[in-house]
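Right, one structure below, let's go through it.
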Amino acid sequence: MEGGGGVVSTSERDDTPVLITEAALSLDEQHKARKRKYAIMMSARIPCIILAMVFIDIWWLSVALLVLSIPLPWMAVLIANDRPPRKAEKANRYRVEAKALGTSGKDHRVIDG
């Protein structure tokens with residue numbers, strides 16, 4: 001008879017913490033991350049407009065920078081209002097090994113009724 005009562009010896013123990021919840025980030029953390037993304041995208045628009053004014057003599061570059069800056073507010077709002085992506089982590093959960101009954105290797109007699 002094997003003993004131990006489910007006790008794991010230190011040599012078998014994995015140091016990886018066991019995930020006990022799949023809770024998402026708090027609403028405050030999600031809001032802070034969305035505000036940061038919005039600020040970054042909107043701050044990228046200002047240099048595009050300034051560079052378009054600097055390169056006014058090179059008309060095609062100026063137009064390209066202006067065209068690049070036009071969809072940035074729309075994209076910033078879409079990205080800021082989107083929910084955060086789900087984590088693709090594999091959860092480290094405790095799993096009990098299933099033991100099959102009658103695996104002693106003997107032939108078993110089957111009675112049909």
Pairs of donor and acceptor atoms involving the side chains of residues 42-71, under 3.5 Å and at least two apart or interchain, shall be tabulated with distances.
| unit_1 | atom_1 | unit_2 | atom_2 | d |
| --- | --- | --- | --- | --- |
| Ser43 | OG | Ala39 | O | 3.0 |
| Ser43 | OG | Ile40 | O | 2.8 |
| Arg45 | NE | Ser69 | O | 3.0 |
| Ser62 | OG | Ala52 | O | 2.9 |
| Ser69 | OG | Leu66 | O | 2.8 |

If you apply the rule side-chain contact (heavy atoms from CB on, under 4.5 Å), what do you find for Ile79 with Tyr38, and how did you get there? CA-CA 7 Å; Ile79 291 173; Tyr38 181 81; over 6 Å; no
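- The cluster map of Ile, Leu, Val, Met, Phe, Trp and Tyr, joined by side-chain heavy atoms under 4.5 Å apart, puts Leu72 and Val77 in different clusters.
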